[in-house]
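Read the structure below first, then the notes.
Because the structure is a prediction, the values reported are computed rather than measured. Note on naming: letters A, B, ... go to the chains in the order of the sequence lines (proteins, then strands), and numbering restarts at 1 for each one.
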Amino acid sequence: MAVHNAEIAEIFETLADLLAVRGDNPFRIRAYRNAARTIRGNSRSMAELLAEGRDLSELRNIGKDLAAKIATIVDTGRLPLLDELSSRTPKALSELMKIEGLGPKRVKVLYEKLRVRSLADLERALRRGKVRELPGFGPKTEQMISERLERFAAREQRWKLIDAEDVAEPLVRYLRDISGVKEVTVAGSYRRRKETVGDLDVLVTAAGSSPVIERFVKYDEVAEVVSQGSTRSTVRLRSGLQVDLRVVPQVSYGAALYYFTGSKAHNIAVRRIAAARKLKLNEYGLFRGDERIAGKTERELLKALRLHWIPPELREDHGEIEAARRGRLPGLVTLDDIRGDLHCHSRATDGHDTIEQMARAAKERGYDYVSINDHSRHVTVAHGLDRKRLLAQVRQIDRLNGRLRGIVVLKSIELDILEDGSLDLPDEVLAELDFTVCAVHYRFDLPKKKQTERILRAMDNRHCNILAHPTGRLINERDPYAIDLERIVQAAGERGCILELNAHPDRLDLDAEACQMAKEKGVKIAISTDAHGAEDLRFMRFGVDQARRGWLEAGDVVNTRKLRDLRKLLART
DNA sequence: GCCGTTTTCGGCCCGACTGTTTTCAGTCG
């Protein structure tokens, strides 16, 4: 069984935690963490790279030593260094460090003085009031750990972007109304448009006299004030979402926005560039000695560092800084580039609007075309279309297109890929359509090899044009089914199949890494909403955000093309 | 342990807040 990148990253992260508890060289620890991040964020699997004979030390943050350790893990599934270390420092200490407020130093004290080596041990020590007696601890720290242990046990998951927006937008309006407040921006992973966010980082510029912090902690939705200083405050809202507010002077707005947008790894890398130029970068600006030389806007800041503009979606330290230095950043796809939607349902199956309503809504968005992709017969719960009903729908769309002006409705289907990889309707029926979107909707539990072969076989059919929601994951609800995505992307390229980036905020499937992999292999992407009603067409922007995170340009996305060009891309020989 | 506009050794991002302190350590982002 091939070792996954996530498992290798996990081993390095655990190792870093244990080294930290032991008080090892902090830079060595950081090296392990950086390597873990590189591995986790790589679209190619380490096991496969090794199988191809690639030298892993070509990867950033991976040197000779770690390349050898990765090879060991891939070969044996273990790392002797971690085994040796965990015989002296229990692995579970790494788990304890995941509790907010517990870092290596406190965990070390807890372990050495109270023999705390598990969450259960910690809970017992807290209950007995032992923790407050430790040096450097006290009743407040004990209380803090107690609350956060409870929260950790409940394990709140990250928020979907769309849900975070529902919380963030009214909060931003509230903050804008406070006297003296000038700019209010939600930064952090929200601004980078990650598919999920852990908390909200809100940046405010305000006059010195503004009561913004005082008013912030009194916001109606605040359940708990976690911290409150003069420039920074953290609260937990009733919804459970945590919000960090930072107040900076206007002259620092760009530097602060840059800093609080992150990612952390990106910031560290940019600060290193500043340091290399004998400059200091912090959230207040870019400084030469005591003199602020930039910081009012992000553009000014980047210019002073001789970097091209880096869109927030790319700020992950995944090669964007090097590209910005050389002026080689991609011109990312935008919502304005999108000319149509290639995955929409109608009332004929589980949608709730008519084909005509969908078409008019698409036209209103400025689209040139929209396709109707109702389910095929296998999806009985959605009253999937059989041959007869599909052909009737085809004729209905022909008539509609005769009437409609300024929008073309494309005849399509969301066709089930059956368990054996065959398609749910016969070829001669599919030939009546402009194209098909094919998808797996059942038997998510097949072993990886079988599931992969099922999809590969479906793609062998020349009527299979677009593979919908390729991994089947539902954010926070369902993991991707087991597939060899790299093989599927490769096969899509060879067969002229297009991969869907499903823009539905519950799916966002493909993820950013997979988009990058598709781009590298020259496979085209369709960004589609999977709309089940006219109002769902608005989800397109989430798909575009995700595509941008995956470095996609308009040329990589088929539904930025004019209809004539789109038809050429959809034609398989 | 990695890395090179400081280039094969000697660096490695930087500031705010809290609690336990009496000048600072720990943690976080």
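Taking only side-chain nitrogens and oxygens, A:Asn282 comes nearer than 4.0 Å to OP1 or OP2 of B:dG15. An OP1 or OP2 oxygen of B:dA16 is reached within less than 4.0 angstrom by a side-chain nitrogen or oxygen of A:Tyr284.
The closest donor-acceptor contact from the side chain of A:Thr297 to the backbone of A:Glu300 lies under 3.5 Å. Side-chain atoms of A:Asp244 never come within 3.5 Å of backbone atoms of A:Val202 as a donor-acceptor pair (strictly under, hydrogens ignored). At distances below 3.5 Å, at least one donor-acceptor pair connects side-chain atoms of A:Ser233 with backbone N or O atoms of A:Ser227. In terms of modelled atom types and a separation under 3.5 Å, the side chain of A:Arg315 and the main chain of A:Ile310 share a donor-acceptor contact. With hydrogens and angles ignored, the 3.5 Å screen pairs no side-chain donor or acceptor of A:Arg549 with any backbone N or O of A:Val544. Proximity of a side-chain donor or acceptor of A:Arg478 to a complementary backbone N or O of A:Gly472 within less than 3.5 Å is detected. In this structure, the side chain of A:Ser146 does not engage the main chain of A:Glu142 through any donor-acceptor pair within 3.5 Å.
Atom pair A:Asn267:CG and B:dG15:P shows a separation of 13 Å (rounding to whole Å applied). B:dA16 atom C1' lies 14 Å from atom CD of A:Gln228, rounded to whole Å. The separation between A:Asn34 atom CG and B:dG4 atom P is 13 Å, rounded to whole Å. Note: OH (A:Tyr258) to P (B:dC14) measures 16 Å, nearest angstrom. Between A:Leu286 atom CG and B:dC13 atom C1' there is a gap of 13 Å when expressed in whole angstrom units.
Within residues 189-198 of chain A, no residue has any heavy atom closer than 4.0 Å to DNA chain B. Non-hydrogen atoms lying under 4.0 Å from DNA chain B are contributed by A:Asn25, A:Phe27, A:Arg28, A:Arg30, A:Ala31, A:Tyr32, all within residues 6-32 of chain A.
Around CZ of A:Arg88, the count of heavy atoms belonging to other residues, nucleotides or ligands within 6.0 Å exceeds 12.
If you take atom C1' in B:dC3 and the same atom in B:dC13, they sit 16 Å apart, rounded to whole Å. To the nearest whole angstrom, the two P atoms, one in B:dC17 and one in B:dT22, are 23 Å apart. Remark: the separation of the C1' atoms in B:dG1 and B:dT8 is 14 Å, to the nearest Å. Nucleotides B:dT6 and B:dC12 place their C1' atoms 12 Å apart, quoted to the nearest Å. Nucleotides B:dT20 and B:dG26 place their P atoms 14 Å apart, quoted to the nearest Å. The gap from the P atom of B:dG15 to that of B:dG10 amounts to 26 Å, rounded to the nearest Å.
Here A:Asp556 pairs with A:Lys519 under the side chain to side chain donor-acceptor pair (under 3.5 Å) rule; sequence neighbours left out. Legend: residues meeting ring pair (Phe, Tyr, Trp, His ring centres under 6.0 Å) with A:Tyr219, ordered by chain and number and at least two apart, are A:Tyr174. With sequence neighbours left out, the side chain to side chain contact (heavy atoms under 4.5 Å, CB included) criterion links A:Arg60 to A:Asp317.
At a threshold of 4.0 angstrom between heavy atoms, the contacts of A:Leu66 are confined to the sugar-phosphate backbone, with no base atom among them. Heavy atoms of A:Thr234 sit nowhere under 4.0 angstrom from any nucleic acid atom. Using a 4.0 Å heavy-atom cutoff across all strands shown, A:Lys278 reaches no nucleic acid atom at all. Looking at heavy-atom distances under 4.0 Å, A:Ala275 makes contact with a base. A:Lys108 comes within 4.0 angstrom of no nucleic acid atom, judged by non-hydrogen atoms across all strands. Using a 4.0 Å heavy-atom distance criterion, A:Ser233 is classed as making no nucleic acid contact.
DNA chain B is contacted by both A:Thr231 and A:Ala276; A:Ala276 maps to the nucleotide lying nearer its 5′ end (nearest heavy atom per residue).
No close placement of the A:His266 and A:Tyr259 rings is indicated, their centers lying 6.0 Å or farther apart.
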Report summary line: Reading nucleotides 19-29 of chain B from 5' to 3' and marking B where a protein heavy atom lies under 4.0 Å of the base, S where only the sugar-phosphate is that close, and - otherwise, the string is SSS----SSSB
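Using the Watson-Crick or G-U wobble rule with both distances under 3.5 Å, B:dT8 pairs with nothing in any strand shown.
Of the candidate nucleotides B:dG15, B:dC12, B:dT6, B:dC12 has the atom lying nearest to any side-chain atom of A:Arg272.
A distance of 4.5 Å separates NZ in A:Lys521 from CD in A:Glu486, rounded to the nearest 0.5 Å.
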